Amino acid sequence: MHTVTFDSANGIGRICIANPPVNALSHHVMHGLADGLAQFEADPSLHALLIYCAGKTFVAGADITLFDDPAFDASAFNATLARLEAQPRLVVAALHGTALGGGLELALACHYRVAQSGTRVGLPEVKLGLLPGSLGTQRLPRLIGAGPALEIMLSGKMIDTQEALSCALVDAIRDGTPLDIGMAYTSELLAHNAPPRRLSQVRMPDQVHASAIETALSQAQQQPHYPAKQAIVACVQAAVSEDFETGAAVEANAFKTLLNSPASRALRHLFFAQRVAAKLPQNATSTSGLAVETVGILGAGTMGTGIAMCFLNAGIPTVLVDATAEGLQRGIGLIESTYASNVAKGRLSAEQAQAILQRLTTSLDDTALAECDLVIEAVFENMALKQQVCQRLGHICKPSAIIASNTSTLDVDVLAQATGRPGQVIGMHFFSPAHIMKLLEVVRGEHTAPAVLKTVMDLAKKIGKTAVVSGVCYGFIGNRMAEVYMRETEFLLMEGATPAQIDNAVQALGMAMGPCRMLDMAGIDVGAKTVIEYGKAGGLPPDPSYRAVVQKMFALGRFGQKTGSGYYRYDGRTAHPDPETERIAAEVARAHGIAKRNDISEQEITERLLYPLINEGCKILEEGIAYRASDIDVVWTAGYGFPDYQGGPMFLAEQRGLAHIVQQLEHYARSRGNPYGYWDISPLLQRLAQQQHSFASHNLV
Ligand code: COA
Ligand code: NAD
């Protein structure tokens, strides 16, 4: 089957692109377009050329996999676009689905654009650390002005057809198949003798656009980790001040530089990592999944209400149950105030909020959950309570219902047994605030049925979550790795590093917030209780200095932001260094015989926080808890503030070299001592480093 075909009807030549799933611009598509154009040029009897696509969408961009090919070169495609635009006969694009990136640039080289209702258009390259490299930075400002073009290119957001029509990005909106609307619109243009329009020939009066460019530049300069932003502004500056050819050369140079930039490599890695994370083993993909029409939630606390809003927002009727009237009322109040604030901020209309709230049913009687297709428990984190609740759910929920737990630390397999239907049980570990945070860890238990796993992963996509599958272990993927990060934070504090020194070091790497600020915000009481509970369950190493600082802070009532002091002292939300923390850390250190040092460097801090975390990631991989290293990167970038332009901890490890990570882990084992095995290196990491293999060689699915 050819990916691009040419035919004609009613005096109109037609190029159809069919390259599933998203008609990305592969080598075949680019050659096919050039061939189709040549056939049109060779037939003088035709009056116009129409370009449209088969399948669910117009071209959704360049094939991103091509960017890793060192021989990649956009110039041949750009030459085809120039030839298209130069045609003396009309060239029209019929858009549907999503016309993105190279797809929109193809449409911009055509003389007119008609779009099916519901089409969305955009230039999302910036999200991949790139700029629109097929003259998008030159043609779009010439069509809609520098300000609106910068807004589209710097945000990478899609706009809908109405907005595209109002800024003349599309010329008409029609209902019908792409071929039908394209033919009808082209015939109309021909009937009206519409002239070809060539954006490359438009000259822009530069002073009109100066302030938009200046504003965009100063914003882009504040985000130096995303060099694509400044490059886009520079290209638009060239579009307004230079002729088309000069601007095109500026764009081509900038594109080449960005293509090889570390940020773009990292962002491209994450694009595919996020999609691969949704891929399941064969036994799950071959099932059809179960229908989930109503969701029930038990426990209307912080998490239960947030989770309820996820489903309500996605249009799914939701039943919220709590054991106490007070708990339920507080939950309802939280949900109502969230929607009221969204209305006040103009994010929702009052009618939309009303319609969403109508999907919510609340009850103090748990039998209200009996007919739900999925029930998620979000009661207090207590094993005895959760076991009792799961047993009850197993009793009251209809036999086909899936029972899920939002536990952060408890053994999902034990809870599954309590329900009496372990095959129907799964973990759904949402992050707080659940209606905002993108990440969802989906925890497959020992007996979770493949159809249940598939159902929950499909549902996760429907509610807009980035879902990653984890096996059962303490803390699952994210919190298990965070534990070693916190462990080293505390040892560094005891050795004499200040909270600000530690936070600044990892923030310089791009982490949204350092560990001390993070724990102060989340609550030192919450963190300490988790450590204490884990100790009671026999999970901690026999090391009395293990996370001794957080436990001391807890004992002193320094719970963080909420009590005005924790690792820092607070004025409202503003953190100030607090000498008392250093005194407490020094006292704890003395009690455990840990010597104070004055030579702790930024490099040591970042390596001691990150390399054990990477090592733990490798252990998670070799135990089969995560299917692939790239899933771990998705967890850390979507849920833990790891900078996307670093690609995630496992990607960062590969960039620095696995052998280097091993060498530094060995170095710290020697210099810090290793009586409790903290620096024991994962055999998988050792092996991959020795063989110079990548993590991808160990993908389990
Ligand atoms: N190049 C290569 N593959 C692409 C692609 C591209 N530009 N865009 C999407 N794909 C692939 C995905 O990897 C996925 O492959 P898989 O099924 O093997 O996992 C498949 O197409 C479907 O994509 P997905 O994102 O899961 O589908 P969707 O319907 O949710 O979203 C889009 C469709 C087009 C909106 C979305 O894929 C997207 O935003 N693509 C990127 C667009 C872009 O950045 N273009 C500019 C490139 S420079
Ligand atoms: P919470 O204390 O805010 O709410 C718990 C709610 O459960 C309360 O409203 C309580 O009345 C209700 N409840 C208790 N027993 C019940 C019962 N038998 N039947 C019905 N309702 C009952 O707790 P939370 O912070 O929302 O945490 C809930 C779960 O989510 C815990 O397992 C926790 O580990 C997990 N979790 C919390 C976070 C977080 O950041 N808070 C993040 C991820 C996961």
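Computed from a predicted model, the values in this text were never measured in an experiment. Remember, it's 1-based here, ligands and their atoms both numbered in the order they're listed. Position 1 is the first residue of the sequence; numbering continues from there. The figures that follow rest on heavy atoms only: side chains count, while hydrogens, waters and symmetry mates do not.
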To the nearest 0.5 Å, what is the distance between [atom1] ([X]) and [atom2] ([Y])?
X	Y	atom1	atom2	answer
Leu123	Leu130	CG	CG	12.0 Å
Glu163	Arg120	CD	CZ	12.5 Å
Leu25	His31	CG	NE2	12.0 Å

Please confirm whether [X] approaches ligand 2 to less than 4.0 Å, judged on its heavy atoms.
X	value
Phe431	no
Lys386	yes
Arg330	yes

In this structure, which one of Leu131, Val236, Val233 forms a side-chain contact (heavy atoms from CB on, under 4.5 Å) with Met153?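 Single pass found, and it is Val236.
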
Relative to ligand 1, is [X] under 4.0 angstrom through side chain, backbone, both or neither, heavy atoms considered?
X	result
Val22	side chain
Ala60	both
Phe67	side chain
Arg268	neither
Lys56	side chain

If we ignore hydrogens and angles and just use 3.5 Å, is the side chain of Thr367 paired with the main-chain N or O of Ala370 as donor and acceptor?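 Here the side-chain-to-backbone pair does not exist.
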
Can you report which non-hydrogen protein atom sits closest to [atom], along with the distance?
atom	value
atom 4 (O) of ligand 2	Gly301 CA, 3.2 Å
atom 21 (N) of ligand 2	Ala323 N, 3.2 Å
atom 36 (N) of ligand 2	Ser408 OG, 3.3 Å
atom 3 (O) of ligand 2	Thr302 N, 3.0 Å
atom 33 (C) of ligand 2	Glu381 OE1, 3.6 Å
atom 40 (O) of ligand 2	Ser432 CB, 3.3 Å
atom 2 (O) of ligand 2	Phe380 CE2, 3.2 Å

Is it the case that ligand 1 has an N or O less than 3.5 angstrom from some N or O of [X]?
X	value
Met158	no
Leu130	no
Glu125	no
Thr65	no
Ile64	yes

Tell me whether [atom] lies less than 4.0 Å from at least one protein heavy-atom position.
atom	value
atom 32 (C) of ligand 1	no
atom 23 (O) of ligand 2	no
atom 18 (O) of ligand 1	yes
atom 29 (O) of ligand 1	yes

Among His429, Met303, Arg392, which one has a heavy atom closest to atom 27 (O) of ligand 2?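 Result: the heavy atom closest to atom 27 (O) of ligand 2 is in Met303.
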
On a heavy-atom basis, I'd like to know which of Val379, Asp322, Leu320, Leu364 is closest to atom 12 (C) of ligand 2.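 It is Asp322 whose heavy atom sits nearest to atom 12 (C) of ligand 2.
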
Should the pair Tyr474 and Tyr534 be assigned to parallel (<30°), tilted (30 to 60°) or perpendicular (>60°) ring geometry?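 Taking Tyr534 first and then Tyr474, their aromatic rings lie parallel (interplane angle under 30°).
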
Test of ring centre spacing under 6.0 Å for Phe58 and His96: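 That pair fails the under 6.0 Å test.
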
Is the Phe271 to His269 ring centre distance short of 6.0 Å?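 No, the ring centres sit 6.0 Å or more apart.
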
Distance-only donor-acceptor check, side chains [X] and [Y], under 3.5 Å:
X	Y	value
Ser470	Glu441	no
Ser26	Asp63	no
Thr57	Thr98	yes
Gln274	Thr466	no

For Phe431 and Tyr640, what are the C-alpha separation, side-chain angles and deciding distance, and is it a ring pair (Phe, Tyr, Trp, His ring centres under 6.0 Å)? CA-CA 10 Å; Phe431 288 69; Tyr640 290 81; 5.6 Å; yes

Between [X] and [Y], is there a side-chain N and carboxylate O pair less than 4.0 Å apart?
X	Y	result
Glu533	Lys536	yes
Asp631	Arg628	yes
Glu381	Lys386	yes

Only heavy atoms of Val389, strictly under 4.0 Å: list the atoms of ligand 2 that pass.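 Near Val389, the atoms of ligand 2 are 18 (N).
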
I'd like to check which ligand 2 atoms, numbered from 1 as shown, lie under 4.0 Å from a non-hydrogen atom of Leu385.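 What qualifies from ligand 2 is 15 (N), 18 (N).
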
Applying a 4.0 Å heavy-atom criterion (strictly less than), which segment of Asn406 is in contact with ligand 2: side chain, backbone, both, or neither?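 Asn406 to ligand 2: contacts from backbone and side chain alike.
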
Is Arg268 close enough and on-axis enough to Phe272, meaning under 6.0 Å and within 45°, for cation-pi?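 No, a cation-pi geometry is absent between Arg268 and Phe272.
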
